[in-house]
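Note sheet for the following structure.
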Amino acid sequence: MKVIVLGAGIVGTASAWFLQRAGHEVTVLERQPGVAQETSFANGGQISVSHAEPWANPSAPLKLLKWLGREDAPLLFRLRAEWQQWRWGLEFLRQCTPGHTAHNIRQIVAIAEYSRQTLQALRAETGIAYDCETRGILHFYTDEREFAQSLPAAQLMRDLGCPRETVSADEVVRLEPALAAVRHKIVGGDFTATDESGDVYKFTTGLAEKSREAGVQFRFNHLVTRLLSEGTGAAARITGVEVIDDHGRHQVLRADSVVLAMGSFSAQLLRPLDMNLMLYPGKGYSATYRVTDPALAPRVSLTDDGHKLVLSRLGDRLRVAGTCEINGYSRELNPVRCEAITRRTRELFPGACDYDQPQYWAGLRPLTPSNVPYIGRTRYANLFVNTGHGTLGWTMGCGSGRAIAEIVSGRRPDVDFAFTGLPDPTHAGRPNGVPAPAARP
Ligand SMILES: Cc1cc2nc3c(=O)[nH]c(=O)nc-3n(C[C@H](O)[C@H](O)[C@H](O)COP(=O)(O)OP(=O)(O)OC[C@H]3O[C@@H](n4cnc5c(N)ncnc54)[C@H](O)[C@@H]3O)c2cc1C
């Protein structure tokens with residue numbers, strides 16, 4: 001079967017790899033000149049299965065109110081005269097109940113665990129080098145109340161089989177000695193030894209290269225402008241993908257099936273087909289520093305709860321990422337946010353890096369209100385979605401690619417996850433925040 005994959009981030013590239021492995025003839029269309037140039041370019045690097053709590057949780061509404069209008073707030077909602085944003089925001093609030101949160105955590109952990117196993121198998125099979133560290137993730141707290149509030153989530157993770165261990169402040173520093181300078185501020189932490197970190201850009205480019213060698217065609221500088229369709233009801237199908245190609249010409253490309261993996265831009269492509277994915281961009285920042293004294297820089301991947309930052313050692317670099325601004329599609333850098341990241345990193349690890357030459361970057365997380373991605377079928381028989389991976393696209397990307405290849409091939413993936421548009425005997429409700437009755441968008 002001929003399959004076109006739209007988008008070459010981690011999700012589209014992993015989809016292409018597994019579709020090719022399943023015996024399909026795969027073409028990837030990407031508007032950039034290479035793979036992983038947008039959100040999969042410089043993220044926080046964490047494969048954080050055991051820290052999979054979504055932002056939509058019972059404590060979020062109050063925090064959001066407190067942070068409204070604060071330039072350096074970790075999660076900032078800038079209200080716009082835009083229906084899509086308001087609809088998304090209202091659904092986000094609805095997902096903050098304890099019941100929804102617990103349900104969403106279960107979904108995310110299931111696909112994230114499946115994905116980590118998939119990543120590990122891919123790493124062993126392909127030998128792709130991506131500055132991978134398998135020393136776990138250490139989440140440390142500087143606020144007693146936040147630490148106390150984290151305990152039920154840690155328990156839920158343990159109940160779901162994730163080895164998330166609550167540790168004392170001394171234990172935090174024993175696990176990551178580079179935190180010694182701020183020992184007096186730390187009140188406790190939790191440690192998940194099975195979590196990992198690595199450079200998503202290096203991995204995705206490596207996987208694309210292996211995919212190309214295996215026969216996948218990548219067409220870069222191709223802007224997807226429209227999906228052409230015919231038929232209604234059960235007979236509805238996609239008949240072609242309209243693109244502006246690398247010579248500026250409009251073309252229509254045809255395939256038996258199409259997989260949509262355009263990250264934050266996926267919803268815009270579906271809207272003319274009357275499909276309204278609950279998807280909105282969440283702008284996040286990262287800063288990458290050159291490590292100048294390896295002994296002072298962390299090796300264990302970290303989450304600084306107080307400042308909502310994640311830190312990953314990528315070889316001779318330190319990547320620090322965080323903050324989220326719900327404010328449209330702009331990727332411009334806000335200097336206040338950039339400086340706040342450098343200030344905090346310098347405070348945590350004085351002398352570890354060259355803080356005078358940071359490499360700042362901003363990307364758009366494709367956020368669903370629940371942080372549960374859309375992976376599965378649509379009401380167009382040959383159109384599939386693999387998008388909305390939000391804060392955890394690196395964590396869930398490889399497994400999502402493997403799962404969509406199974407679904408396109410007519411099989412149910414071997415993971416207990418509420419796939420979009422697939423009958424699910426074990427899960428009631430609408431995990432993706434898709435308004436009823438459109439469990440299949
Ligand atoms: C600051 C920050 C930190 C993060 N940290 C982590 C982390 O530590 N761990 C984790 O698991 N996740 C993290 N994430 C989330 C993760 O990076 C994303 O979820 C993931 O990269 C999304 O991958 P994707 O393939 O869906 O989207 P993308 O990487 O954005 O890929 C979509 C592709 O589609 C292409 N495209 C879009 N529109 C068109 C069009 N019209 N025509 C052709 N091509 C098009 C784009 O060019 C792009 O290449 C972080 C994100 C940010 C912003």
Side-chain angles (χ1 to χ4, degrees), residues 7 9 11 31-32 37-44 53-57 59-96 104 262-271 276-288 304 306-310 319-344 358-374 387-394 432-433 435:
V11 174
R31 65 181 170 187
Q32 298 285 354
Q37 304 275 309
E38 298 211 358
T39 316
S40 306
F41 185 68
N43 72 13
E53 299 97 309
W55 282 338
N57 62 60
S59 68
L62 206 64
K63 283 187 187 160
L64 273 176
L65 268 183
K66 211 173 69 187
W67 289 334
L68 263 184
R70 234 186 68 188
E71 275 307 310
D72 61 345
L75 177 55
L76 179 60
F77 225 103
R78 280 191 210 275
L79 291 178
R80 298 161 67 94
E82 191 190 293
W83 164 236
Q84 299 299 336
Q85 191 206 37
W86 282 71
R87 188 179 77 120
W88 189 95
L90 289 172
E91 184 58 32
F92 177 89
L93 290 177
R94 215 177 65 80
Q95 295 292 327
C96 289
N104 295 334
M262 288 180 0
S264 290
F265 297 85
S266 305
Q268 295 173 351
L269 196 71
L270 293 189
R271 233 166 265 144
N276 276 305
L277 294 189
M278 196 71 88
L279 200 60
Y280 199 82
K283 181 163 81 167
Y285 287 73
S286 75
T288 308
D304 172 7
H307 290 71
K308 303 282 179 270
L309 292 175
V310 303
R319 168 77 45 78
V320 186
T323 79
C324 183
E325 219 175 297
I326 310 287
N327 184 27
Y329 289 81
S330 158
R331 284 182 59 197
E332 69 185 24
L333 292 173
N334 173 341
V336 175
R337 285 178 173 266
C338 293
E339 281 153 25
I341 295 176
T342 296
R343 202 168 41 247
R344 179 60 176 169
Q359 188 66 53
Y360 292 122
W361 169 86
L364 301 175
R365 301 175 182 91
L367 294 173
T368 61
S370 58
N371 214 33
V372 179
Y374 291 101
T387 190
H389 294 71
T391 62
L392 291 171
W394 177 210
N432 299 319

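Side chains are part of it too, since the values below use all heavy atoms of this structure and drop only hydrogens, waters and symmetry mates.
- In this structure, the side chain of N43 does not engage the main chain of S40 through any donor-acceptor pair within 3.5 Å.
- The CD atom of E91 sits 7.5 Å away from atom OG of S370, with the distance rounded to the nearest 0.5 Å.
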Verdict with supporting geometry, Q359 and R319, side-chain contact (heavy atoms from CB on, under 4.5 Å) = CA-CA 9 Å; Q359 188 66 53; R319 168 77 45 78; over 6 Å; no
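- For Q268, the CD atom counts as densely surrounded, since its 6.0 Å shell holds more than 12 non-hydrogen atoms of other residues, nucleotides or ligands.
- Annotation: ring pair (Phe, Tyr, Trp, His ring centres under 6.0 Å) contacts of F92 (sequence neighbours excluded): W88.
- Here H389 contributes atom NE2 and L367 contributes atom CG; the two are 12.5 Å apart, rounded to the nearest 0.5 Å.
- The side-chain hydrogen bond (donor to acceptor under 3.5 Å, both in side chains) test applied to S286 returns no partner, not counting sequence neighbours.
- When the side chain to side chain contact (heavy atoms under 4.5 Å, CB included) test is applied to A340, the partners found at least two apart in sequence or on another chain are R343.
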request  = I would like to know whether S264 and Y329 meet side-chain contact (heavy atoms from CB on, under 4.5 Å); could you show each step before the answer?
outcome  = CA-CA 8 Å; S264 290; Y329 289 81; 4.3 Å; yes
inquiry  = Assess the residue pair T323 and K308 against the criterion (side-chain contact (heavy atoms from CB on, under 4.5 Å)); give the C-alpha distance rounded to whole Å, side-chain angles, the decisive distance to 0.1 Å, and a yes or no.
reply    = CA-CA 7 Å; T323 79; K308 303 282 179 270; over 6 Å; no
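- Side-chain contact check for L75 versus W67: some heavy-atom pair is nearer than 4.5 Å.
- Applying the salt bridge (Lys or Arg N to Asp or Glu O under 4.0 Å) test to pairs two or more places apart or on separate chains, those with a residue in residues 321-341 are R78-E325, E325-R337.
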inquiry  = For a side-chain contact (heavy atoms from CB on, under 4.5 Å) check, start with the C-alpha distance between T368 and L279, then their side-chain angles and the critical distance, and finish with the verdict.
reply    = CA-CA 5 Å; T368 61; L279 200 60; 4.0 Å; yes
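- Annotation: side-chain hydrogen bond (donor to acceptor under 3.5 Å, both in side chains) contacts of R365 (sequence neighbours excluded): none.
- Of all non-hydrogen atoms in T39 and P366, the two that sit nearest each other are CG2-CD, 4.5 Å.
- Here R344 pairs with F140, T142, D304, H307, L309, E347, L348 under the side chain to side chain contact (heavy atoms under 4.5 Å, CB included) rule; sequence neighbours left out.
- Atom CG of L65 sits about 13.0 Å away from atom NZ of K63, to the nearest 0.5 Å.
- The heavy-atom pair separating S330 from K283 by the smallest distance is O-CD, 3.1 Å.
- Applying the ring pair (Phe, Tyr, Trp, His ring centres under 6.0 Å) rule to Y360 yields no partners; only residues at least two apart in sequence or on another chain are considered.
- F41 meets the side chain to side chain contact (heavy atoms under 4.5 Å, CB included) test with Y201, W361; sequence neighbours excluded.
- To the nearest 0.5 Å, atom OH of residue Y285 and atom CG of residue L333 are 6.0 Å apart.
- Minimum interatomic distance between G328 and Y280 (heavy atoms only, all atoms of both residues): N-OH, 3.0 Å.
- Residues N276 and R87 come closest through the heavy atom pair O-NH2, 3.6 Å.
- In this view, Q32 and E30, Q37, E38 satisfy the side chain to side chain contact (heavy atoms under 4.5 Å, CB included) rule, not counting sequence neighbours.
- Of all heavy-atom pairs spanning F77 and G89, the tightest one is CZ-CA, 3.6 Å.
- The CZ atom of F265 sits 4.5 Å away from atom CZ of R31, with the distance rounded to the nearest 0.5 Å.
- Two residues are said to be in side-chain contact when any heavy atoms from C-beta on lie closer than 4.5 Å; N371 and N104 fail this criterion.
- Closest non-hydrogen pair, T387 versus G263, comes out as OG1-O, 3.2 Å.
- In this structure, E82 CD and I326 CD1 are separated by 11.0 Å, a value rounded to the nearest 0.5 Å.
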